[in-house]
Amino acid sequence: MSDDVDVPESHPRYESLLTRHRIEAGVDMGITSRQGLIAQGRGEAYDYLLGEETIDSADRAERAAAAYLLSADHAVISVNGNAAALVPGELVELSEVTGADLEVNLFNRTEERIERIAEYLKQHGAEAVRGLTADGRIPGLDHERAKVDADGIGDADVVLVPLEDGDRAEALGEMGKTELVVDLNPLSRSAQVATVPIVDNIIRAIPAITEHARELHEDRDAQRTAIDSFDASTALTDAEAAIRGGA
Ligand code: PTJ
């Protein structure tokens with residue numbers, strides 16, 4: 001990824017400016033959609049109100065997400081244009097640590113962008129990337145938005161969906177899948193329907209899930225505790241309180 005942003009690391013808004021730079025570069029590379037710029041702006045506003053840090057309840061959500069990924073029969077990490085631009089290497093690492101598949105799955109779907117994202121993930125170390133077969137469908141969605149790989153998201157019991165559109169998050173939930181959603185807006189439909197809503201910036205969330213997964217890897221009891229002790233509605237209430245009250 002191109003990180004040649006002309007801002008010193010000591011700058012108080014360094015992470016935020018780096019994030020913008022990555023999204024802009026993603027658009028230039030044909031990986032991120034122009035709508036992705038708008039989505040990023042929205043996310044940034046929530047992150048600012050959260051104090052640009054991982055709140056405690058988000059950390060518990062990240063631990064529960066790691067436990068779900070490790071204990072799944074078939075886990076898939078869904079990758080869109082924003083996720084690919086922001087955390088390509090980190091997504092590959094999470095997939096390696098948890099054994100989850102990577103699948104490119106786009107809201108504004110074009111074959112060209114899917115191919116570019118798959119190639120970009122491979123440049124960051126991915127061995128296999130799903131999403132190009134598109135022989136499965138999510139019921140209840142229009143044709144293009146319904147496409148998934150039948151042996152990927154179609155077959156998965158656990159799906160990590162960063163920055164997902166509300167309709168698709170709802171439809172995936174209706175298919176009975178355990179949904180792990182990364183979204184800085186606790187009021188978004190995606191966060192509201194998630195089994196595990198992770199209200200945190202994807203830039204911090206993905207490495208944190210990986211870290212928890214490393215720790216929980218061999219420990220089935222600890223995985224169970226992380227899942228059983230997590231409460232989605234408390235996590236959403238905590239995040240909303242942090243945003244409204246100022247972190
Ligand atoms: O690449 P595509 O075609 O699949 O499109 C991807 C986007 C993100 C453009 C598409 O899914 C979309 O339009 O999403 P929405 O409906 O704008 O929702 C994006 C959500 O992600 C919003 O609730 C934002 O607050 C949140 N968000 C934005 N940036 C981040 C974020 N959450 C976590 N980390 C971020 N960096």
Side-chain angles (χ1 to χ4, degrees), residues 1 13 15-27 29-55 58 61-62 65 77-88 90-91 102-118 120-121 131 134 138 141-142 144-148 153 159-172 179-194 196-209 235-236 239-240 242-243:
M1 140 195 6
R13 312 282 337 276
E15 197 185 84
S16 159
L17 295 170
L18 177 67
T19 304
R20 279 191 199 175
H21 171 75
R22 287 186 188 171
I23 289 286
E24 266 187 296
V27 174
M29 287 185 285
I31 284 174
T32 309
S33 70
R34 282 184 300 164
Q35 283 192 26
L37 293 165
I38 300 166
Q40 170 60 31
R42 206 135 54 101
E44 210 173 278
Y46 288 110
D47 203 18
Y48 191 83
L49 293 170
L50 273 173
E52 295 174 346
E53 62 178 21
T54 302
I55 60 173
E62 283 152 4
I77 301 168
S78 174
V79 184
N80 66 18
N82 285 51
L86 291 176
V87 281
E90 292 84 345
L91 288 168
L102 291 165
E103 178 166 337
V104 183
N105 190 246
L106 301 182
F107 177 65
N108 295 299
R109 187 185 172 90
T110 67
E111 294 305 309
E112 198 186 4
R113 202 148 64 85
I114 292 181
E115 276 165 26
R116 284 199 179 152
I117 293 172
Y120 196 56
L121 292 172
I138 306 172
L141 295 180
D142 66 70
E144 283 305 303
R145 288 186 184 157
K147 286 182 176 172
V148 288
I153 289 177
V159 191
L160 173 67
V161 277
L163 287 60
E164 184 57 286
D165 150 73
D167 272 356
R168 292 206 311 175
E170 218 161 27
L172 282 171
E179 270 189 284
L180 320 170
V181 168
V182 180
D183 194 321
L184 277 160
N185 177 5
L187 299 175
S188 82
R189 244 183 326 142
S190 311
Q192 296 277 334
V193 299
V196 181
I198 302 162
V199 184
D200 200 5
N201 196 319
I202 190 175
I203 287 227
R204 297 187 298 272
I206 300 299
I209 300 170
L236 291 171
E240 193 182 334
I243 287 170

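Atoms within a ligand are numbered from 1 in the order they appear, just like the ligands themselves. Small disclaimer: the values here were computed from a predicted structure and weren't measured.
Nearest protein heavy-atom contact of atom 36 (N) of ligand 1 is N201 OD1, 3.0 Å. With respect to atom 34 (N) of ligand 1, the closest heavy atom belonging to the protein is I202 N, 3.0 Å. With hydrogens left out, the protein atom closest to atom 4 (O) of ligand 1 is F107 N, 2.7 Å, a heavy atom. With respect to atom 6 (C) of ligand 1, the closest heavy atom belonging to the protein is N80 ND2, 3.6 Å. Counting only heavy atoms of the protein, atom 19 (C) of ligand 1 lies nearest to A39 CB, 4.1 Å. For atom 13 (O) of ligand 1, the closest heavy atom belonging to the protein is Q35 OE1, 3.9 Å. Protein heavy atom nearest atom 11 (O) of ligand 1, with residue, atom name and distance: L163 O, 3.3 Å.
Remark: ligand 1 and E164 share no N or O pair separated by less than 3.5 Å (distance only, no angle test). Residue L184 has at least one N or O atom closer than 3.5 Å to an N or O atom of ligand 1. Checking only distances, R42 does come within under 3.5 Å of ligand 1, N or O to N or O. Looking at V182 next to ligand 1, no N or O pair under 3.5 Å apart turns up. An N or O contact shorter than 3.5 Å is missing between L106 and ligand 1 by distance. Between T19 and ligand 1, no N or O atom pair is found at a separation short of 3.5 Å. Looking at N82 next to ligand 1, no N or O pair under 3.5 Å apart turns up. The shortest N or O to N or O distance between R113 and ligand 1 is below 3.5 Å.
Counting heavy atoms closer than 4.0 Å to ligand 1, residue E44 contributes nothing at all. Only the backbone of D200 comes within 4.0 Å of ligand 1, judged by heavy-atom distances.
Looking at every heavy atom in both residues, P186 comes nearest to L236 through O-CD2, 3.5 Å. For the pair R113 and S33, the tightest heavy-atom approach, listed with the atom from each and the gap, is NH1-N, 3.5 Å. The nearest pair of heavy atoms linking P162 to N80 is O-ND2, 3.4 Å. Scanning both residues, R145 and F107, for their nearest heavy atoms gives NE-O, 3.2 Å. P207 and I202 make their closest contact through CD-O, 4.1 Å (heavy atoms, listed as atom of the first residue, atom of the second, distance). Across all their heavy atoms, E90 and I206 have their closest contact at O-CG2, 3.5 Å.
Between I23, D167, D183, it is D183 that holds the heavy atom closest to atom 22 (C) of ligand 1. Of the listed residues (G43, S78, G41), the one carrying the non-hydrogen atom nearest atom 25 (O) of ligand 1 is G43.
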Test side-chain contact (heavy atoms from CB on, under 4.5 Å) applied to Q35 and N108, step by step: CA-CA 9 Å; Q35 283 192 26; N108 295 299; 3.6 Å; yes

The test is side-chain contact (heavy atoms from CB on, under 4.5 Å); show your working for Q40 and T32 and say whether it passes. CA-CA 11 Å; Q40 170 60 31; T32 309; over 6 Å; no

For V193 and V181, what are the C-alpha separation, side-chain angles and deciding distance, and is it a side-chain contact (heavy atoms from CB on, under 4.5 Å)? CA-CA 9 Å; V193 299; V181 168; 5.8 Å; no

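Below 4.0 Å from some heavy atom of G81 lie the following atoms of ligand 1, by number and element: 1 (O). In summary, the atoms of ligand 1 found under 4.0 Å from a heavy atom of L86, numbered by their order in the structure, are 36 (N). Contact atoms of ligand 1 toward G36: 9 (C) (distance under 4.0 Å to a heavy atom of the residue).
Within the 4.5 Å cutoff, the side chain of I203 has heavy atoms near those of the R22 side chain.
A salt bridge links E112 and R116; the closest N-O separation between the charged side-chain nitrogens and carboxylate oxygens is under 4.0 Å.
Rounding to the nearest 0.5 Å places CD of E144 at 9.5 Å from OG1 of T110.
Checking D183, L50, D47 one by one against V199, the side chain to side chain contact (heavy atoms under 4.5 Å, CB included) holds for a single residue, L50.
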